[in-house]
Novice: 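Pasting a structure below so you can have a look.
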Amino acid sequence: MRIATGGLIDREKPIRFTFDGKPVTGFAGDTVASALLANDILLMGRSFKYHRPRGPVTAGSDEPNALVTVGEGAEARPNTRATCQEIYDGLTVTSQNRWPSLRFDAMAVNDLLSPFLAAGFYYKTFMWPRAFWEKLYEPIIRRAAGLGALSGQPDPDRSEKAFAHCDLLVIGAGPAGLAAALTAAEAGADVILATEDTRPGGRLLSETVTLGDQTGREWADRMAARLAAMGNVRVMARTTVTGVYDSGTYGALERVAEHVMPGEAPPTCFWRLVARQAILATGALERPIAFPMNDRPGILSAAATRTYLNRYAVSPGARVAVFGNNDDAHRTATDLAAAGVTVAALIDTREDATSDGAWPFYPGAEVIETQGRLRLEGLTIRKPGGTLRIGADALAVAGGWNPALHLTCHMNGRPVWQEDIAAFVPTANAIPGLTPCGAALGTFSTAGCLEDGRRAAEAALDALGHSPKPIDLPDAEDTPYSPPATWAVTAPGRAWLDLQNDVTTKDVHLAARENFRSVEHMKRYTTQGMATDQGKGSNVTALAILADATGRTIPETGTTTFRPPYVPVPISSMGAGHAGKGFAPERFTTSHEASTARAAPMIEAGLWYRPSYFPVHGEKTWRESCDREVRMVRECVGVSDVSTLGKIDIQGPGAAEFLDLVYTGTFSTLKEGRIRYGLMLREDGHVMDDGTTARLGPQHYLMTTTTAAAGPVMAHLEFVAQGLRPDLDVKLTSVTDHWAQFAVAGPRARDLLNSLLEEEVTDDAVPFMSCWLATVSGVPVRLYRISFSGERGYEIAVPARYGAALWRLLVAQAESLGGGAYGIEALNVLRIEKGFITHAEIHGRTTAYDIGMQAMMSKTKDFIGKAAAARPGLTESTRERLVGLRPRDPANMPLPGGFLFTKGETPSRANAQGYVTSACWSPTLETHLALGFLASGPERMGETLRFTDHLRNRDFEVTVTDPVAFDQDGGRMRG
Amino acid sequence: MRYSGFKVFLEGLRGQSGWKPVWRDPEPKPVYDVVIIGGGGHGLSTAYYLAKNHGLTNVAVLEKGYLGGGNVGRNTTIVRANYFLPGNSEFYSHSMKLWEGLAADLNYNVMHSQRGLINLFHSDGQRDAFARRGNAMINQGDDAVLLDREGVRSYLPYLDFDNPRFPVYGGLLHPRGGTARHDAVAWGYARGADRRGVDLLQQCEVTGIDIEGGQVTGVQTTRGPIKAKKVAMIAAGRSGQVAAMAGMRLPIESHVLQAFVTEGLKPVIDHVISFGMGHFYISQSDKGGLVFGGDLDFYASYAQRGNLPMAEHVMEAGMALMPMIGQARVLRSWGGIMDMSPDGSPIIDRTATKGLYLNCGWCYGGFKAVPASGFATAHLIATDRPHETAARFRLDRFATGRGLMDEEGTGAQHNLH
Amino acid sequence: MRLTCPHCGERDLREFAYKGDALALSRPEANAELQAWHEYLHIRDNPAGPTRELWYHTPCGSWMVAERDTATHAVHRTMTPAEATK
Amino acid sequence: MADLIARPATHGLLPIEIGSVVLEDAQPEAITWIAPYNRKKSAVTRTLGGFPGPGQVVEVKAGRALSVGPGQALILGAPAACDDAAVVDQSDGWTVVALDGAAARDVLARLTPLDLRDSALSENATARTLLGHMTASITRTGPYRYELMVFRSMTQTLIHELTRAMKHVAARARLSGPG
């Protein structure tokens, strides 16, 4: 119910939203939970396992119960904490994990079966009959999985990511965080102050404390305004630091626009914060007490009760009982009474507790049972002298505090037990550069937090080399913390620990009985702490129960730890901007537009796009186009964009020696103006890449790599230059993007060039494997006479700005000669006919020996990979080595990925002799052709083998041939 | 105590009071026939098969922390047999057969779920490589189906087929691939070994390996010296430190691999999906969490935690492949220490020291190997001969270059497999 | 994690590629025994603690040696390969 | 023979103005890669009229020289030549755009892990870093102006990513604006 006055809500701004279709009205400043409570709606969810009715127990991100789906359509957000979601006009909120309705949930039958569904029961059953597990039991279990549901629609990917750097990151903006931020900012440090809340203040917004002559919230507002006015401070509200990573890197989730109707602003931003120093001022989380039937809607933490009361002007009930083991229970009763709410009873586990309030007070008493189904109706207490039933529609539980130390565990820090506050605190130096303070360190008074925040900031400033300036901190309450006395109430009935996963104290006792005595075993066996709240409220209590069950102290039993993220982070936040084409950069060649204008399908080649083929009118299949393009190159002339191949400019007095080291062959003897094919090995003796390298000058080479290996080869060359041979004076730079490069191939390639170039091309002047400079329409170009098709071939390179124009010109000239453009399908056929390899063959497991290039490995000089290539296992003749394959029936295609077997053998692993790597229809030879690897291949020329492709149901005979199927002596390309 | 539905029912009626410890906590004996260093999945399964297959029950498993606390309890639970190189093929095929009978064998429901695994491909070249893999799987006697784009769509309609950076060309379906409940595997083997008399010694860290005249004689531990004629080092993630106690240096580099799980969600992903272009794989657990992972963080690490760039890359791949999961929230991330070998394949072998055995180098594929690894290692320890399914996992293959199993084709750089 | 490129200064991990143990800089002589090559290529000290390793700063093309702790991820020092092999 | 028409990498794509930020073409006449040979740096410095140290931009005879790697600079301006260095024409290898406006830094912070604070990237400082997944060069040429360079083939991705970031920054400004 709403309290008539007070709170940080704007009563002038009513907000209308719906919950399960029904209209609800709250005020600006409300969360879904506070607005629903204001409307006396306590039932907000169902638990995971037993589908028990549940209401909120917290007012923050540690909420295990009140999880709802907000919004509709593709961006509906399941499992949203009603305790954090701010309301806005038009918001739709839907409850989860119930059918047909939240009030009546058929799956609540599980609760009746709960005696049989104890921790880990599924490990012990569902095993018979064997087939039933996958056919029957598992599907039923899986159907019951989860709480909320995804929309099933593709997320529109509207969130964003960003980076920010600072000297000091202050995590949390309660009294400690504000004092720390102010201290650091006044000293001139660059500060980021991040708070999960919508505004700075922390618990000051929830409590009725005073700081000096101001209320807590007034002071917080003044401090926030002061910080916001400073140029060196960035206050990040609605921002939860989710993870701590190495070297002062923090992940943070900012809810940018989840509090407004979806619009153009990104819903969230995932921040990568880099801070030289950081301060952990995350406060503490109140813990529950495990008493029988402690899960009913209306049973809340006392701290949350005060938050609802003081911040949202909402009471969870009209008659509220308070149960606690420390002084916070009394504070809660005081606040309730001050707000005009009836305090049904104050129950304190401590026998020596006293109270002067005007409410029924029961010291030395415990709650041993509660009543009510969809909301609390009453409770039974055990007090000195007997039991008593108390009517109440809400119960606030004060179980003591756990420092919110979660982030200190992210780098393997193990919290340590501090007996005087009966809580775990951060271990010292858990995170380099991060200083915990305030309640996160176990300091629970307001004055203590302020002072601790200042101390932490001064330590951070010292590490940063800044001198602190004195700042004034107000006087504040400094009552000593009364350590909580109990964890659980011993009484019959189920007492919940992990509310969402329905883990009770009985489950922990069962784990102990079955010898899952390690905390990790207990958690994994019972699923304690595995729910969406990650055990923020319950883990420490569960540990205490396990300690009790196994007769050990808490420190003997173990500790609690937490992994990132602190709060769950949407995949659409951490992966923002990467749906669709955003996943990886796109690289376009200069001929791209011209290719797509001709309806060429563009194929991904690494990050590049390359044309598959260029269909002409009347062609119905890619094969028709491809065959035509192959014939065009073989019979006339074709033009193809080869700009995607890597091009590395290599210069310097040491360039020749450098190339001799990185290639198997010798490049120091290459003459200026000539080109040589090069094979590059990894140091482990296997082939890394191949390509041609031209000598442009005495100390100047241009290396070509394959498209795929351009980046790795560049890094490799830099490694050799900087790491292995820094003595060589050699300079490397990639020029891949500077040049647009086009292959002109075919018997009429020279004619085509001569129609463009100002100086005539003759074979005497430019024999095969030579390069020269020329001009086209006054633009200087580089020309290379090389061939990947087996025909007379040239590659013409022009600065990229002229690429589009030159491509159009080349295609036009080719067409005027009867040729045209060809794509990578034809390029592939042309090279298979010639037995030229690609990464289909040099797939990382092949040696120069395997591909028949052992002769290219110089015997007279060292080169990368030489020693390892000489290992006995890499030179055995029985290795699978490159061969050509031709089907006995030319119509059969030996598909790549199919296997080779000795004729007559069954196609099994033990019998496999090799496999096919590349295949095509050769319009030139009018047969299918293939390349593949075959055990002892070159020794088996002419042998008939069995080809089998189980997947595509092919089984026929092929003959082993030389890899070069067309123009074996190379006369066509040499011209 | 035998587990059954009836027993669960009975205990339900009597308030779960009759369950007995799943394993004992014995004191170390001074002498064992076999000592296994490492109480993870592989160590526990080795102990189990030593007892079951070879009748060796005077065996101790020494675990410095708690049983199953290493990688067997921190992985993405995928079980598959889709390798293509001889050596791996027969081994993982054998493992799959053991998985299929594991719950019955152990009398412990490891929740092995053969929901089908689909490896997606995004180019003709990748299709050809997966075709080779699929054919190799069938050559081995396992199952594989090559799906075209529409075939993939019929299984996984929620992938981005409309505007992807790397279009789906098809996929290799491995119908028997799937998942299992990781902790249950460790606990099931532990319970099975304990019931056969194996001593499982937790909080027992090995501090030295005793070798006399080229023969192993026992180990030094934090719970005192233990004598044994045979000692097996099965401590993937810490292989180097353990082997160093025996004076060995290994071809292993340790790396961190992260994994992630989201909040529980109603069932939405029925298969295990692997997206090679993005180094991303995902399945949905029986509790509803989307369990997914990616590639190594790529730097040497023993820290069991990763860093943001790789975590983000994994989420980015998820958004690219199936933007439908965008509103799922990542609940927890963790990291494991991967024993990366130079060819990406494991080692199960004798060592130069008599009676000392080595099981390591599982890279990030160790979980699915747990049954066959234990089976083969037990055979090796008991007979001093490699089991036929693991005969190629030799330590000397790197020096000789003979029988390398480099499935990724990335060569002798440990972190690239 | 953040590393310091000898040329560019301190940068985010995502700008770097890791290339294994820094022993890769100590390439054996061409005529060394196969065992030396085997150790160079495959065998690793793999310490759970301080180590020296090779990193590549992708944007600027610098190789560097980092002294880093594999247990804590603390980066103690980075230097050029030339400085490292002095 | 027809002329070959030169086409700029950003042809038809720029300028773009969103919110307070403008993205425009900034391609210089020429881009020349210079890497002095060993022990020749001072000779090269004399010839060129300067040579930038790490992170530096210096004015040279031909234009501005940016440090782009160990012992490497790019000269943006007129074509440059030098005998004591490896010299490579990269005029068409890089696309240069400028991001200008009060929120330019916020836009960049969505794409680069580089520390963009004044203390780390002052005016006239340059850095090799990442923009999204692209390797890039970022040079701060004014209080609110940055010149960005990526490989020419990635021009469209560069503009797409910057545009997306510009839209987000503008939308945020409206969100936290009046009311």
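So that the names make sense, note that chain A is the first sequence line, chain B the second, and so on, each numbered from 1.
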Novice: What part of B:M322 gets within 4.5 angstrom of chain A, counting heavy atoms only: side chain, backbone, both, or neither?
Specialist: neither
Novice: Looking at every non-hydrogen atom in both residues, tell me the closest pair between A:R879 and B:G401 and how far apart they are.
Specialist: NH1-O, 4.4 Å
Novice: Tell me if the centroids of the rings in B:Y3 and A:Y123 come within less than 6.0 Å of each other.
Specialist: no
Novice: Side chain, backbone, both or neither: which part of B:F292 has a non-hydrogen atom closer than 4.5 Å to chain A?
Specialist: side chain
Novice: Counting only heavy atoms closer than 4.5 Å, note whether A:N97 contacts chain B via side chain, backbone, both or neither.
Specialist: both
Novice: Less than 4.0 angstrom from a charged side-chain N to a carboxylate O is my criterion; do A:R845 and B:D406 meet it?
Specialist: no
Novice: Please classify the contact between A:S908 and chain B as side chain, backbone, both or neither, with a heavy-atom cut-off of under 4.5 Å.
Specialist: both
Novice: How long is the straight-line distance from CG of A:N515 back to CG of B:D25, given to the nearest 0.5 Å?
Specialist: 4.5 Å
Novice: For A:H950, does its backbone N or O pair with a side-chain atom of B:N135 as donor and acceptor, under 3.5 Å?
Specialist: yes
Novice: Can you confirm whether A:P570 sits close enough to B:R329 that some side-chain heavy atom of one is under 4.5 Å from a side-chain heavy atom of the other?
Specialist: yes
Novice: Indicate yes or no: at least one non-hydrogen side-chain atom of B:P167 is less than 4.5 angstrom from one of A:E604.
Specialist: yes
Novice: Considering only heavy atoms, which portion of B:E407 lies under 4.5 Å from any heavy atom of chain A: side chain, backbone, both, or neither?
Specialist: backbone
Novice: Examine whether an atom of B:N307 lies under 4.5 Å from a heavy atom of chain A, and if so say whether it belongs to the side chain, the backbone or both; otherwise answer neither.
Specialist: both
Novice: Given heavy-atom pairs under 4.5 angstrom as the criterion, report whether the side chain, backbone, both or neither of A:M411 touches chain B.
Specialist: both
Novice: With a 4.5 angstrom heavy-atom cut-off, is it the side chain or the backbone of B:R305 that approaches chain A, or both, or neither?
Specialist: side chain
Novice: Is there a side-chain contact between A:P78 and B:L265, using heavy atoms and a 4.5 Å cut-off?
Specialist: yes
Novice: As a quick check of understanding, evaluate side-chain contact (heavy atoms from CB on, under 4.5 Å) for B:E312 and A:K161, giving each step before the final call.
Specialist: CA-CA 10 Å; B:E312 290 178 45; A:K161 297 203 270 189; 2.9 Å; yes
Novice: Could you pull out all residues at least two apart from B:W23 that satisfy side-chain hydrogen bond (donor to acceptor under 3.5 Å, both in side chains)?
Specialist: none
Novice: At a heavy-atom separation under 4.5 Å, does A:W133 approach chain B through its side chain, its backbone, both, or neither?
Specialist: side chain
Novice: When you compare the side chain of B:R332 with that of A:Q534, does any pair of heavy atoms fall below 4.5 Å?
Specialist: yes
Novice: Which answer fits B:A186, side chain, backbone, both or neither, if we ask what part of it has an atom under 4.5 Å from a heavy atom of chain A?
Specialist: neither
Novice: Between A:K124 and B:N107, is any side-chain donor less than 3.5 angstrom from a side-chain acceptor?
Specialist: no
Novice: Side chain, backbone, both or neither: which part of A:A118 has an atom under 4.5 Å from a heavy atom of chain B?
Specialist: both
Novice: A cation-pi test, strictly: NZ or CZ of B:R165 under 6.0 Å from the centre of the six-membered ring of A:F583 and no more than 45 degrees from its axis. Yes or no?
Specialist: no
Novice: Salt-bridge test for B:E100 and A:R130: reply yes if a basic N is under 4.0 Å from a carboxylate O, no otherwise.
Specialist: no
Novice: Taking the side chain as everything from C-beta on, heavy atoms only, tell me whether B:E11 gets closer than 4.5 Å to A:F121.
Specialist: no
Novice: Is A:Y137 in contact with chain B via its backbone, its side chain, both, or neither, using a 4.5 Å heavy-atom distance?
Specialist: neither
Novice: Checking A:Y915 against chain B: side chain, backbone, both or neither under 4.5 Å from a heavy atom?
Specialist: side chain
Novice: Of the backbone (N, CA, C, O) and the side chain (C-beta and beyond), which part of B:D270 lies under 4.5 Å from a heavy atom of chain A, both, or neither?
Specialist: both
Novice: So, does A:R513 use its side chain to make a donor-acceptor pair with the main chain of B:Q16 at under 3.5 Å?
Specialist: yes
Novice: Side chain from CB out, backbone as N, CA, C, O: work out which of these in B:T410 comes under 4.5 Å of a heavy atom of chain A, or both, or neither.
Specialist: backbone
Novice: Could you check B:H182 against A:R524 for side-chain contact (heavy atoms from CB on, under 4.5 Å), going step by step and ending with a plain yes or no?
Specialist: CA-CA 10 Å; B:H182 56 3; A:R524 288 160 180 266; 4.3 Å; yes
Novice: Relative to chain B, which segment of A:R682 carries a heavy atom at a distance below 4.5 Å: side chain, backbone, both, or neither?
Specialist: side chain
Novice: Give, as side chain, backbone, both or neither, the part of B:A129 having an atom under 4.5 angstrom from any heavy atom of chain A.
Specialist: neither
Novice: Answer yes or no: is there an ion pair linking A:E514 with B:K20, defined by an N-O contact shorter than 4.0 Å?
Specialist: no
Novice: How far apart are the C-alpha atoms of B:V261 and A:M530, what are their side-chain angles, what is the distance that settles it, and do they pass the side-chain contact (heavy atoms from CB on, under 4.5 Å) test?
Specialist: CA-CA 10 Å; B:V261 64; A:M530 306 279 184; over 6 Å; no
Novice: I want to check something: taking the side chain as every heavy atom from C-beta on, are A:S151 and B:Q327 in contact at a cut-off of under 4.5 Å?
Specialist: no
Novice: Identify the heavy atoms of B:A136 and A:F899 that sit nearest to each other, and give their distance.
Specialist: N-CE1, 3.6 Å
Novice: As an exercise, state the distance from CG of B:D183 to NZ of A:K523, rounded to the nearest 0.5 Å.
Specialist: 12.0 Å
Novice: Measure across B:Q202 and A:H521 and return the closest heavy-atom pair with its distance rounded to 0.1 Å.
Specialist: OE1-CE1, 3.5 Å
Novice: Which region of A:I141, side chain (C-beta onward) or backbone (N, CA, C, O), has a non-hydrogen atom less than 4.5 Å from a non-hydrogen atom of chain B, or is it both or neither?
Specialist: both
Novice: Within this structure, what is the CD1-CG distance for the pair A:I603 and B:D124, rounded to the nearest 0.5 Å?
Specialist: 7.0 Å
Novice: Show the numbers, then the answer: is there a side-chain contact (heavy atoms from CB on, under 4.5 Å) between B:H313 and A:H578?
Specialist: CA-CA 9 Å; B:H313 179 76; A:H578 285 72; over 6 Å; no
Novice: What's the spacing between B:I282 CD1 and A:I571 CD1 if we round to 0.5 Å?
Specialist: 6.0 Å
Novice: Side chain from CB out, backbone as N, CA, C, O: work out which of these in A:L607 comes under 4.5 Å of a heavy atom of chain B, or both, or neither.
Specialist: both
Novice: For B:A303, does its backbone N or O pair with a side-chain atom of A:N412 as donor and acceptor, under 3.5 Å?
Specialist: yes
Novice: Under a 4.5 Å cut-off applied to non-hydrogen side-chain atoms, are A:L147 and B:E263 in contact?
Specialist: no
Novice: What part of A:A531 gets within 4.5 angstrom of chain B, counting heavy atoms only: side chain, backbone, both, or neither?
Specialist: backbone
Novice: Counting only heavy atoms closer than 4.5 Å, note whether A:E876 contacts chain B via side chain, backbone, both or neither.
Specialist: side chain
Novice: Is it the backbone or the side chain of A:H410 that comes under 4.5 Å from a heavy atom of chain B, or both, or neither?
Specialist: backbone
Novice: Would you mind reporting whether B:E316 and A:M574 have side-chain heavy atoms less than 4.5 Å apart?
Specialist: no
Novice: Does this structure show an ion pair linking B:R115 with A:E138, if we count only N-O contacts that are shorter than 4.0 Å?
Specialist: yes
Novice: Quick check: does any side chain N or O of B:K266 sit under 3.5 Å from a backbone N or O of A:G146, one acting as donor and the other as acceptor?
Specialist: yes
Novice: Considering only heavy atoms, which portion of B:F260 lies under 4.5 Å from any heavy atom of chain A: side chain, backbone, both, or neither?
Specialist: neither
Novice: Identify which part of B:L102 has an atom lying under 4.5 Å from any heavy atom of chain A, answering side chain, backbone, both or neither.
Specialist: neither
Novice: Where on B:L321 is there a heavy atom nearer than 4.5 Å to chain A: the side chain, the backbone, both, or neither?
Specialist: neither
Novice: Please report the shortest heavy-atom distance between A:A145 and B:P267, naming the atom on each side.
Specialist: O-CD, 4.2 Å
Novice: Look up atom CG in B:L172 and atom CG in A:L951, then write down how far apart they are to the nearest 0.5 Å.
Specialist: 6.5 Å
Novice: Which bit of A:F516 is near chain B, if near means a heavy-atom gap under 4.5 Å: side chain, backbone, both or neither?
Specialist: side chain
